[in-house]
Amino acid sequence: MHIVNRIIVFSFVAFTYLLLFSYDTSPLYKWCHSDTANYMLEGILVKKGLVPYIDFFEHKGPLMFVIQWMGAMLTGNKIGFLLIEIPFLTATLYGSYKIVALFYNDKRKSIIITIIALLLNRIYFAGNMTEDYCIPFLVWSMYFVVKYFKCDRDNDIEHNVKYSFFYGITFMVCVLIRMTNFLPISVMIIMGTILLAVNKKWSNILKNIAAFIIGGVLVLAPFVIYYIKKNAIYQMFYGTIIHNIKYTLNTNGILLNDGLGAILIINLNLLMSLLIAISNFATNKKGRFFSLSLMLSAIVGIVVQLGMRPNVNYMYIWFPVYIVACGMTEDLVHNDRIINKVFRIFILILMILNLSCAFIITKSMISYDVNKLTDIEKDAKEITKLIPEKSRNSVLAYNVKSEYYIVTDIVPCYKYFILQDWMCSVNDDMQEEFKEYIESGQAEYIVENGENNIYNENYGTDNKLDYIIDEKYEEIGRNDSFVLMKKK
């Protein structure tokens, strides 16, 4: 199959997959929610001329705002964000195919395995998340790593400097979207560096380090220039890096508290990757260093996830590790040793569990969209009717998610605009700054979650600053989802 034909096939698969499973951007579903709504809103705010970190705060990198701005510019609605996703997922699929093809000589088999691998990652996919925009770079970087281990080493132990240049680009793309997203290929790159060091290829190591730095700087430079001009360079680095470090340090061990079932589901594909790598290590003597590298990658992924929040979309970023494991199944399928037969059974069980979870998640999301989000949208529009048009530029949603702003077309009047108690929780200065804003009464109206708002299931109804709001504001409206307060 010609390269153009493969791109057409993967583009069609990407479009179909996104249409069915990207709930927050697909026109098949009601409207957006969760983190996707945050990003979409931020793209809309950038389109309106607001500057990230100054006019609104989000602990993501500036490249994410650029991508969301592009989505907002395309159509002005959620379909624009779907269109942005298509080329990213197409690039992911094509890179994944290239990885699988390094193991399987049959190109059609490689395409089928790539599509199956995508479907088996359905349980981790949400659509329009930070992971979606990092994974194409991670997958292609992983392709270069695997190519080095499997092919290039047979001819020359030295590592191609061009690969490292692309690793640098990938690293900085990840930092400028969500800094921890580079982890999935870091172990493989470190193992490759160790191999060079063992063979005393010091000159090659230095050349690769230089290429890595050049690639990263080329991506970073435009953002540094822009935010220096906006007098916001510190704010950019704080929101991109420092705040995320503080946030990460405050989430240790959360998944461990959710029980064995949650741990198993969150780590399903990494467990499959680990089993496949162990099987390959036991039966393929020539590729043991490579199998060990993949084993360590899977183990690092599992350990990292045990310290994260139990959000399934966090696992999607490990797709590059999983796709390498899918390529390694070539040995598992064609080698009939007893150990391989045993591992086939375990992997089959995990695949069945994976597909069962995917079915349950898909069914629950459709029900969620039809039965619950419709009520939230109706209540948001209903409560906003009580706010005069001329005052809608002075509305703050306190501990309310960003869907409220999207549904009502209200521009936040303050930079900490969603889930403020949570967003400011890792920084005392941010907490004090927000408290002073509430005390000043600058917002003419404040919207809070109502007692029956579905998001209270996760965030509760206790607002830290209600004692100030009750003193300075009075309730003028209420429904199941929201409460509207007006300055006295």
Side-chain angles (χ1 to χ4, degrees), residues 91-92 94-105 110 134-176 179-221 273-274 276-277 280-281 284-301 304 317-328 330-331:
T92 295
Y94 195 80
S96 301
Y97 157 79
K98 294 284 285 183
I99 290 173
V100 176
L102 291 173
F103 297 87
Y104 283 85
N105 292 323
S110 298
C134 292
I135 284 179
F137 295 91
L138 291 167
V139 163
W140 279 96
S141 290
M142 186 65 87
Y143 166 69
F144 293 135
V145 173
V146 176
K147 188 171 182 291
Y148 169 68
F149 276 119
K150 282 192 64 65
C151 305
D152 296 357
R153 275 180 60 206
D154 293 339
N155 303 315
D156 187 359
I157 197 68
E158 291 197 348
H159 184 275
N160 192 322
V161 174
K162 293 178 183 178
Y163 298 170
S164 290
F165 176 75
F166 191 79
Y167 303 157
I169 291 174
T170 299
F171 171 75
M172 195 53 65
V173 165
C174 291
V175 169
L176 294 176
M179 59 179 292
T180 55
N181 283 355
F182 187 71
L183 281 173
I185 65 163
S186 58
V187 173
M188 301 290 280
I189 291 175
I190 291 169
M191 293 296 284
T193 306
I194 291 172
L195 186 64
L196 290 173
V198 168
N199 287 275
K200 299 181 180 181
K201 298 291 183 176
W202 308 116
S203 174
N204 187 239
I205 290 175
L206 290 175
K207 289 177 182 177
N208 278 277
I209 291 173
F212 183 95
I213 293 171
I214 292 169
V217 168
L218 286 176
V219 177
L220 178 63
S273 302
L274 181 59
I276 292 168
N280 199 271
F281 182 85
N284 186 356
K285 292 182 180 180
K286 184 180 178 181
R288 277 184 174 170
F289 188 83
F290 178 55
S291 301
L292 177 63
S293 301
L294 189 67
M295 285 167 57
L296 291 174
S297 296
I299 290 169
V300 167
V304 167
I317 200 64
W318 295 92
F319 180 75
V321 173
Y322 182 67
I323 198 68
V324 175
C326 289
M328 276 189 174
E330 193 274 338
D331 180 73

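Bear in mind the structure is a predicted one, so any value in this text is a computation, not a measurement. In what follows, every heavy atom counts, from backbone to side chain, and hydrogens, waters and symmetry copies are set aside.
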Inset, instruction - Identify which one of Y143, F290, F103 satisfies the ring-ring contact (aromatic ring centres under 6.0 Å, His included) criterion when paired with F149. - result: F290
Legend entry - Backbone of L196 reached by a side-chain donor or acceptor of W202 within 3.5 Å: no
Legend entry - Candidates Y148, F144, F212 - the one meeting ring-ring contact (aromatic ring centres under 6.0 Å, His included) with F166: F144
Legend entry - Donor-acceptor contact below 3.5 Å, side chain S186 vs main chain L183: yes
Legend entry - Set of residues satisfying side chain to side chain donor-acceptor pair (under 3.5 Å) with respect to N280, sequence neighbours excluded: S291
Inset, instruction - Scan H159, K162, K201 and name whichever one has a side-chain hydrogen bond (donor to acceptor under 3.5 Å, both in side chains) with N208. - result: H159
Inset, instruction - Keeping the roles fixed (side chain from Y104, backbone from E330), state whether a donor-acceptor pair exists under 3.5 Å. - result: yes
Legend entry - Criterion side chain to side chain contact (heavy atoms under 4.5 Å, CB included) on L218 and I169, from CA distance to verdict: CA-CA 8 Å; L218 286 176; I169 291 174; 5.9 Å; no
Inset, instruction - Just jot down the side chain to side chain contact (heavy atoms under 4.5 Å, CB included) partners of A221, sequence neighbours excluded, or say none. - result: none
Legend entry - Any side-chain heavy-atom pair of F182 and I189 under 4.5 Å: yes
Legend entry - Nearest heavy atoms of M328 and A277, plus distance in Å: SD-CA, 4.2 Å
Inset, instruction - For the pair N199 (side chain) and L195 (backbone), establish whether a donor and an acceptor sit closer than 3.5 Å, ignoring hydrogens and angles. - result: yes
Inset, instruction - Determine yes or no for a side-chain-to-main-chain donor-acceptor pair under 3.5 angstrom, with N181 supplying the side chain and C134 the backbone. - result: no
